[in-house]
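All values reported here derive from a predicted model rather than from experimental measurement.
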Amino acid sequence: MTVELITEILSDIFFTTMLLLLPILMTSLIVGVVISIFQTATSINEMTLTFVPKIILTAIVIIILLPFILDKLVTFTVKYFNMFTALVK
């Protein structure tokens, strides 16, 4: 295994991870900011007001994106299993 191959594998791992997690994290971020603005405007200081919508919308986004996530993970796994078997031979 060369340094270039390891660099390619690691960059592909990081890119795939960010591609899969970014929609979920952005949903939580946007919901948190919107709820915080609402809390500031109305002077409501309730902790569960931010927690419950984040959990619900994050779960909805995960359910909606599950086919995409599984497709990317299966493609990634098959690619690297084939690559590793070729390297072992």
Side-chain angles (χ1 to χ4, degrees):
M1 292 185 76
T2 64
V3 174
E4 292 83 19
L5 181 62
I6 294 172
T7 305
E8 177 189 342
I9 292 170
L10 287 176
S11 66
D12 198 22
I13 288 170
F14 289 134
F15 178 75
T16 304
T17 303
M18 293 308 289
L19 182 69
L20 297 179
L21 293 180
L22 193 60
I24 299 166
L25 295 175
M26 288 301 294
T27 302
S28 294
L29 176 70
I30 292 170
V31 169
V33 168
V34 169
I35 298 294
S36 295
I37 291 172
F38 175 74
Q39 281 183 325
T40 303
T42 60
S43 298
I44 298 174
N45 292 325
E46 182 66 35
M47 292 301 295
T48 58
L49 187 63
T50 59
F51 183 70
V52 173
K54 276 186 191 178
I55 293 294
I56 291 171
L57 286 174
T58 302
I60 290 171
V61 168
I62 290 172
I63 290 169
I64 290 172
L65 291 178
L66 197 59
F68 170 75
I69 292 171
L70 288 176
D71 180 52
K72 289 295 179 186
L73 286 176
V74 167
T75 303
F76 179 83
T77 305
V78 168
K79 175 183 174 183
Y80 283 104
F81 277 177
N82 290 335
M83 179 188 294
F84 291 145
T85 57
L87 286 174
V88 171
K89 289 183 183 181

Test of understanding: with side-chain contact (heavy atoms from CB on, under 4.5 Å), list the residues that count as partners of [X], not counting sequence neighbours.
| X | answer |
| --- | --- |
| Ile13 | Ile9, Leu10, Thr17, Phe76 |
| Val78 | Val74, Asn82 |
| Glu4 | Thr2 |

**Message:** Listing request: all salt bridge (charged side-chain N to carboxylate O under 4.0 Å, His left out) pairs with a residue in residues 10-27, at least two apart in sequence or in separate chains.
**Reply:** Asp12-Lys79

**Asked** Got a sec, which pairs hit salt bridge (charged side-chain N to carboxylate O under 4.0 Å, His left out) with one end in residues 14-27, sequence neighbours left out?
**Response** none

**Fill in**
In short, Thr7 meets Val3 closest at the heavy-atom pair OG1-O, 2.7 Å

**Nearest heavy-atom neighbours spanning Ile24 and Leu20** = CD1-O, 3.9 Å

**Message:** Tell me whether Phe15 at atom CZ has more than 12 heavy atoms from other residues, nucleotides or ligands lying less than 6.0 Å away.
**Reply:** no

**Asked** Does Ile6 belong to the same Ile/Leu/Val/Met/Phe/Trp/Tyr cluster as Tyr80, with side-chain heavy atoms less than 4.5 Å apart forming each link?
**Response** yes

Exercise answer: donor-acceptor pairs, residues 31-43 side-chain atoms, under 3.5 Å, sequence neighbours excluded:
{"from": "Ser36", "atom 1": "OG", "to": "Gly32", "atom 2": "O", "distance (Å)": "2.8"}
{"from": "Gln39", "atom 1": "NE2", "to": "Glu46", "atom 2": "O", "distance (Å)": "2.7"}
{"from": "Thr40", "atom 1": "OG1", "to": "Ser36", "atom 2": "O", "distance (Å)": "2.8"}
{"from": "Thr42", "atom 1": "OG1", "to": "Phe38", "atom 2": "O", "distance (Å)": "2.8"}

Show every donor-acceptor pair shorter than 3.5 Å between a side-chain atom in residues 50-64 and any protein atom, with sequence neighbours excluded, or say none if there are none.
{"from": "Thr50", "atom 1": "OG1", "to": "Met47", "atom 2": "O", "distance (Å)": "3.1"}
{"from": "Thr58", "atom 1": "OG1", "to": "Ser28", "atom 2": "OG", "distance (Å)": "3.0"}
{"from": "Thr58", "atom 1": "OG1", "to": "Lys54", "atom 2": "O", "distance (Å)": "2.6"}

**Prompt:** Linking Ile, Leu, Val, Met, Phe, Trp and Tyr by side-chain heavy atoms under 4.5 Å, what else ends up with Leu66?
**Reply:** Leu70

**Asked** Can you list the other members of the hydrophobic cluster that holds Leu21, where links are side-chain heavy atoms under 4.5 angstrom apart?
**Response** Leu25

**Asked** Measuring from Leu19:CG to Phe14:CZ, what's the distance to the nearest 0.5 Å?
**Response** 15.0 Å

**Asked** Who pairs with Lys72 by salt bridge (Lys or Arg N to Asp or Glu O under 4.0 Å), at least two apart in sequence or on another chain?
**Response** none

